[in-house]
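A short write-up of the structure that comes next.
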Amino acid sequence: GKQAVTKRNVFVAWWKVAITEKADRLLARLATKRHAHYLKARVLAAWYRSVHGSRAERFVERANQRLKVVTSEIITRYEGELDKLKAHIRALDAQLADGRRRRAALEDELRRTL
């Protein structure tokens with residue numbers, strides 16, 4: 001039940017409240033320090049990313065550079081192949097034209113002989 005109001009009981013009640021408030025103040029101070037540290041870390045990280053760029057951005061940039069190099073190598077290689085094939089086609093066209101000319105000449109000679 002109820003306790004009598006004595007100096008000791010008042011002191012004990014005050015002491016319990018004081019201890020609880022002290023613990024609350026310590027937790028609040030600790031939370032404030034951790035939050036300040038967290039904010040400083042976020043600000044520093046944001047500054048670092050803005051100055052140096054994020055890892056993902058650097059990775060994408062390097063990948064794009066590699067892609068450009070490989071693409072240019074492939075294009076150069078296939079342009080060379082294309083030039084070779086065009087020259088080969090020109091040579092085959094010339095052979096066809098020569099073959100047609102010879103055939104026409106042989107047909108004329110055959111008509112004359114018959």
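This chain uses plain numbering: 1 for the first residue, then up along the sequence. For the numbers below, each heavy atom of this structure counts, side chains included, while hydrogens, waters and symmetry mates do not.
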Is any side-chain heavy atom of [X] less than 4.5 Å from a side-chain heavy atom of [Y]?
X   : Y   : answer
L92 : Q95 : yes
D93 : I89 : yes
V12 : K16 : yes

Q) Should Y48 and L39 be counted in the same cluster of Ile, Leu, Val, Met, Phe, Trp and Tyr side chains packed under 4.5 Å apart? A)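 Y48 does not cluster with L39.
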Gap separating the [atom1] atom of [X] from the [atom2] atom of [Y], nearest 0.5 angstrom:
X   : Y   : atom1 : atom2 : answer
L27 : T32 : CG    : OG1   : 10.5 Å
R90 : L85 : CZ    : CG    : 11.0 Å
D24 : I19 : CG    : CD1   : 11.5 Å
Y78 : K84 : OH    : NZ    : 12.0 Å
T20 : K22 : OG1   : NZ    : 12.0 Å
L67 : I74 : CG    : CD1   : 8.5 Å

Tabulate below the donor-acceptor pairs under 3.5 Å that side-chain atoms of residues 97-112 make, not counting sequence neighbours, or state none.
{"residue": "D98", "atom": "OD1", "partner": "R101", "partner atom": "NH1", "Å": "2.9"}
{"residue": "D98", "atom": "OD2", "partner": "R102", "partner atom": "NE", "Å": "3.4"}
{"residue": "D98", "atom": "OD2", "partner": "R102", "partner atom": "NH2", "Å": "3.3"}
{"residue": "R103", "atom": "NE", "partner": "E107", "partner atom": "OE2", "Å": "3.3"}

Q | Test side chain to side chain contact (heavy atoms under 4.5 Å, CB included) applied to R77 - qualifying residues, sequence neighbours left out | A |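 Testing R77 for side chain to side chain contact (heavy atoms under 4.5 Å, CB included), a comparison that skips the adjacent residues, returns none.
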